[in-house]
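These values consider heavy atoms only, across backbone and side chains, with no hydrogens, waters or symmetry-generated copies.
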Amino acid sequence: MPKMIVSIDEVVIKEVQLTKERTTLGRRPYNDIVIDNLAVSGEHAVIHMGAAEVMLEDLNSTNGTYVNGKAIKKQALQNGDAIEVGKYRIKFVGDNAAETFDKTMVVQARPAAAMPSFAPAPQASAPAGLDLSGLPPATIKVLSGAAAGREVPLTKVVTTIGKPGVAVAAITKRNHHYEVKHVEGGGNPTLNGQTITAEPLPLKNGDVIELAGTQMQFVQA
């Protein structure tokens, strides 16, 4: 089944499978693919899925829709096409190729609340030069809110946490440690009370991250 992989700054935010003949994309919450960013129009684009092809159509958006760097009005999508909407990059994965990708894991919480989701970025192997053989396993434990007590293993090289459009951070594995950085939105995310910025901060066992009003603890074996 074809799908869209939404990312910002090379960090995966969400994956959406295309199951309907018409899938809408935009800033408004009633869209099938919601990107809560002012650079994205309320009704930005629509994806038409036919028997033989998948078609992307721009809905006269303010900032336009781009496929592989070129502005489009309506264009058939090919596997691997890179769609750009504002600062967001959306990779189209065709029907056959979709089966080879890892599935995104999401921790469900109250629909109306700004609770965090956890999304490991699909990645088959570690980048060249990255040796994770000696890195102890770690998890994120949710301390507050409806998901309190839930533990999420950090199994991928990059795991994003947060709520798109509110606050998103990324936890990345390095050769000898884990680190966290702010990726998107506001929300004043903190690490042990220190503001998390786009500059990575190293994590140690017991550290407390607060993001979108939810407290989480980094636990390393």
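If you chain together hydrophobic residues whose side chains sit under 4.5 Å apart, Val67 and Ile47 fall into the same group. Transitive grouping of hydrophobic side chains (ILVMFWY, heavy atoms separated by less than 4.5 Å) brings Ile161 and Val157 into a common cluster. Val158 and Ile209 fall within the same hydrophobic cluster, defined by Ile, Leu, Val, Met, Phe, Trp and Tyr side-chain heavy atoms under 4.5 Å apart, directly or through other members. Using a 4.5 Å cut-off between side-chain heavy atoms of Ile, Leu, Val, Met, Phe, Trp and Tyr, with links allowed through other members, Leu25 and Ile83 fall into the same hydrophobic cluster. Put simply, Met49 and Leu77 are part of the same group of oily side chains (I, L, V, M, F, W, Y) that touch within less than 4.5 Å, one to the next.
The side chain to side chain contact (heavy atoms under 4.5 Å, CB included) test applied to Glu43 returns Tyr30, Leu59, not counting sequence neighbours. Here Lys141 pairs with nothing under the salt bridge (Lys or Arg N to Asp or Glu O under 4.0 Å) rule; sequence neighbours left out. Every side chain to side chain donor-acceptor pair (under 3.5 Å) that Glu57 has, sequence neighbours left out, goes to His48. Contacts of Thr62 classified as side chain to side chain contact (heavy atoms under 4.5 Å, CB included), with partners at least two apart in sequence or in another chain: Ser41. With sequence neighbours left out, Lys73 forms a side chain to side chain donor-acceptor pair (under 3.5 Å) with Asn60.
Contact annotation: the side chain of Asn68 approaches that of Asp81 to within less than 4.5 Å [non-hydrogen atoms, C-beta and beyond]. Taking 4.5 Å as the limit, some side-chain heavy atom of Met216 sits within range of a side-chain heavy atom of Leu211. Between Ile171 and Ile140 the shortest side-chain heavy-atom distance falls below 4.5 Å. Taking 4.5 Å as the limit, some side-chain heavy atom of Phe218 sits within range of a side-chain heavy atom of Leu154. Side-chain atoms of Tyr66 and Ile72, non-hydrogen and from C-beta on, never get closer than 4.5 Å to each other. A 4.5 Å side-chain heavy-atom check between Leu56 and Thr65 finds at least one atom pair inside the cut-off. The shortest distance between side-chain heavy atoms of Ile13 and Ile35 does not fall below 4.5 Å. The shortest distance between side-chain heavy atoms of Ile5 and Phe92 does not fall below 4.5 Å.
Of the possible donor and acceptor atoms, one in the side chain of Arg27 sits under 3.5 Å from a partner among the backbone N and O of Val40. With hydrogens and angles disregarded, no donor-acceptor distance shorter than 3.5 Å links the side chain of Asn31 to the backbone of Ile33. Within the 3.5 Å criterion, the main-chain N or O of Ala39 finds no donor-acceptor partner in the side chain of Lys87. Between the side chain of His44 and the main chain of Gly86, no donor-acceptor pair closer than 3.5 Å is present. Looking at Asp32, its side chain does come within 3.5 Å of a backbone N or O of Thr24 through a donor-acceptor pair. With hydrogens and angles disregarded, no donor-acceptor distance shorter than 3.5 Å links the side chain of Thr160 to the backbone of Ala169.
Rounded to the nearest 0.5 Å, atoms NE2 (His182) and OG1 (Thr190) are 11.0 Å apart. A distance of 10.0 Å separates NZ of Lys3 from NZ of Lys91, quoted to the nearest 0.5 Å. Here the CD atom belonging to Glu179 is positioned 13.0 Å from the NZ atom belonging to Lys173, to the nearest 0.5 angstrom. Distance OG1/Thr139 to CD/Glu151: 5.0 Å, rounded to 0.5 Å. Here the CE atom belonging to Met4 is positioned 8.0 Å from the OG1 atom belonging to Thr23, to the nearest 0.5 angstrom.
In plain terms, the two heavy atoms of Val34 and Lys14 that are nearest each other are O-NZ, 2.6 Å. Ala76 approaches Met55 most closely through the heavy-atom pair N-SD, 3.2 Å. Of all heavy-atom pairs spanning Val142 and Ser144, the tightest one is CG1-O, 3.3 Å.
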Would you list the atom pairs, donor with acceptor, under 3.5 Å between side chains in residues 195-205 and any protein atom, with sequence neighbours excluded?
residue: Thr197; atom: OG1; partner: Glu199; partner atom: N; Å: 3.1
residue: Lys204; atom: NZ; partner: Asp207; partner atom: OD1; Å: 3.2
residue: Asn205; atom: OD1; partner: Gln220; partner atom: N; Å: 2.9

